[in-house]
> 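This is the structure I want to talk about, given as structure tokens.
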Amino acid sequence: QLQLVESGGGSVQAGGSLKLSCVASGRTFSTYNMAWFRRAPGKEHEFVAAISWAGSTKKYSDSARGRFAISRDNTANTMTLQMNSLRPDDTAVYYCVPVPGASMQNPHGSWGQGTQVIVSS
């Protein structure tokens, strides 16, 4: 099972950018579709973006499309989320998680501790 560690969160003003990273331990990272989810205070986990195991397929939520970019480097067991044009409603704790299956939106497995993103207006 993968062990996942997220980093790169912080506090920014609206319109700013952040780049989140997810580092996985384990030799099987390259076989997993992976995704970013987020959880805002008082809300459920929300899908943000996903990438297939080879990086050839990417999916985004309506909120993320056009502003965020997901990528991965299987040689470094790393996945990133470049977030631009951030808005206050992007404020949340962001998590990376495996998402098996064609939909790439159903998390399965351990969650990391997450990384906090705060966007002020």
Side-chain angles (χ1 to χ4, degrees):
Q1 193 168 7
L2 293 178
Q3 301 293 319
L4 302 166
V5 178
E6 303 93 340
S7 63
S11 296
V12 296
Q13 290 191 326
S17 298
L18 284 173
K19 186 174 184 178
L20 306 184
S21 295
C22 170
V23 179
S25 62
R27 295 181 295 173
T28 58
F29 174 76
S30 61
T31 66
Y32 286 92
N33 301 333
M34 295 293 298
W36 288 97
F37 280 72
R38 67 188 182 187
R39 187 168 186 175
K43 295 187 177 181
E44 297 294 322
H45 284 100
E46 176 190 17
F47 169 79
V48 177
I51 187 167
S52 60
W53 62 273
S56 55
T57 301
K58 300 176 183 180
K59 293 186 177 182
Y60 297 93
S61 67
D62 289 342
S63 175
R65 190 174 296 110
R67 300 187 300 126
F68 296 180
I70 191 170
S71 62
R72 68 188 297 162
D73 180 352
N74 287 340
T75 65
N77 277 15
T78 300
M79 178 177 67
T80 61
L81 185 69
Q82 177 67 47
M83 305 189 298
N84 301 322
S85 302
L86 283 162
R87 310 183 304 221
D89 61 0
D90 293 317
T91 295
V93 178
Y94 286 69
Y95 303 87
C96 61
V97 63
V99 282
S103 73
M104 300 199 298
Q105 296 190 32
N106 296 312
H108 180 76
S110 297
W111 295 68
Q113 85 289 348
T115 186
Q116 175 77 60
V117 171
I118 299 173
V119 184
S120 58
S121 58

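These numbers come from a predicted model, not from an experiment. Numbers here are sequence positions counted from 1.
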> If we ignore hydrogens and angles and just use 3.5 Å, is the side chain of K58 paired with the main-chain N or O of A50 as donor and acceptor?
no

> Without hydrogens or angle criteria, can the side chains of S63 and R87 be said to hold a donor-acceptor pair below 3.5 Å?
yes

> Verify the cluster assignment for I70 and L86: are they in a single hydrophobic cluster under the rule of side-chain heavy atoms below 4.5 Å apart?
yes

> Report the distance from atom CH2 of W36 to atom OG of S61, rounding to the nearest 0.5 Å.
14.0 Å

> What's the spacing between H45 NE2 and R39 CZ if we round to 0.5 Å?
5.0 Å

> Do you know the tightest heavy-atom contact between L4 and C22?
CD2-SG, 3.9 Å

> Got a second to check how far S11's OG is from I118's CD1, nearest 0.5 Å?
4.0 Å

> For a quick test of reading the model, state the closest non-hydrogen atom pair linking F29 to D73 and the distance between them.
CE2-O, 4.3 Å

> Mind listing the closest non-hydrogen atom pair of Y60 and A69 along with its distance?
OH-CA, 3.4 Å

> State whether the side chain of T28 and the backbone N or O of T31 hold a donor-acceptor pair below 3.5 Å, judged by distance alone.
no

> Checking I51 against M79 for the side chain to side chain contact (heavy atoms under 4.5 Å, CB included) test, could you report, in this order, the C-alpha distance in whole Å, the side-chain angles of both residues, the deciding distance, and whether it holds?
CA-CA 9 Å; I51 187 167; M79 178 177 67; 3.9 Å; yes

> Give the minimum heavy-atom separation between S52 and N33, together with the two atoms involved.
CA-OD1, 3.3 Å

> Side chains of T80 and L20, heavy atoms from C-beta outward: is any pair under 4.5 Å?
no

> Where do V48 and L81 come nearest, in terms of heavy atoms and distance?
CG1-CD2, 4.1 Å

> Verify whether the ring centers belonging to F37 and Y95 lie closer than 6.0 Å.
no

> A side-chain contact here means heavy atoms from C-beta on lying under 4.5 Å apart; do V93 and T115 qualify?
no

> Please determine whether side chain to side chain contact (heavy atoms under 4.5 Å, CB included) holds for the pair V99 and H108, giving the CA-CA distance in whole Å, both sets of side-chain angles, and the decisive distance to 0.1 Å.
CA-CA 6 Å; V99 282; H108 180 76; over 6 Å; no

> Given S71 and Q82, is the side chain to side chain contact (heavy atoms under 4.5 Å, CB included) satisfied, shown in steps?
CA-CA 8 Å; S71 62; Q82 177 67 47; over 6 Å; no

> Side chain of R67, backbone of S85: donor and acceptor closer than 3.5 Å?
yes

> Where do Y32 and W53 land on the side chain to side chain contact (heavy atoms under 4.5 Å, CB included) test, with the steps shown first?
CA-CA 5 Å; Y32 286 92; W53 62 273; 5.7 Å; no

> Indicate yes or no for a side-chain donor-acceptor contact from T78 to the backbone of A76 under 3.5 Å, with no hydrogens or angles considered.
yes

> Hey, are the side chains of Q116 and Y94 touching, using non-hydrogen atoms and a 4.5 Å cut-off?
no

> Does any non-hydrogen side-chain atom of D90 lie less than 4.5 Å from one of R38?
yes

> Quick check: closest heavy atoms across G109 and W111, and the distance to 0.1 Å?
O-CD1, 3.5 Å

> Starting from M104, can I reach M34 by hopping between I/L/V/M/F/W/Y residues whose side chains sit under 4.5 Å apart?
no

> Which value, rounded to the nearest 0.5 Å, describes the distance between C96 atom SG and L2 atom CG?
9.0 Å

> We want to know whether S21 and S7 form a side-chain donor-acceptor pair, criterion being a heavy-atom distance below 3.5 angstrom.
no

> For the residue pair S17 and N84, confirm or rule out a side-chain donor-acceptor distance under 3.5 Å.
yes

> Can any side-chain N or O of Q3 pair as donor or acceptor with the backbone N or O of A24 at less than 3.5 Å?
no

> Would you say the side-chain atoms of Q113 pair up with the backbone N or O of E6, donor to acceptor, closer than 3.5 Å?
yes

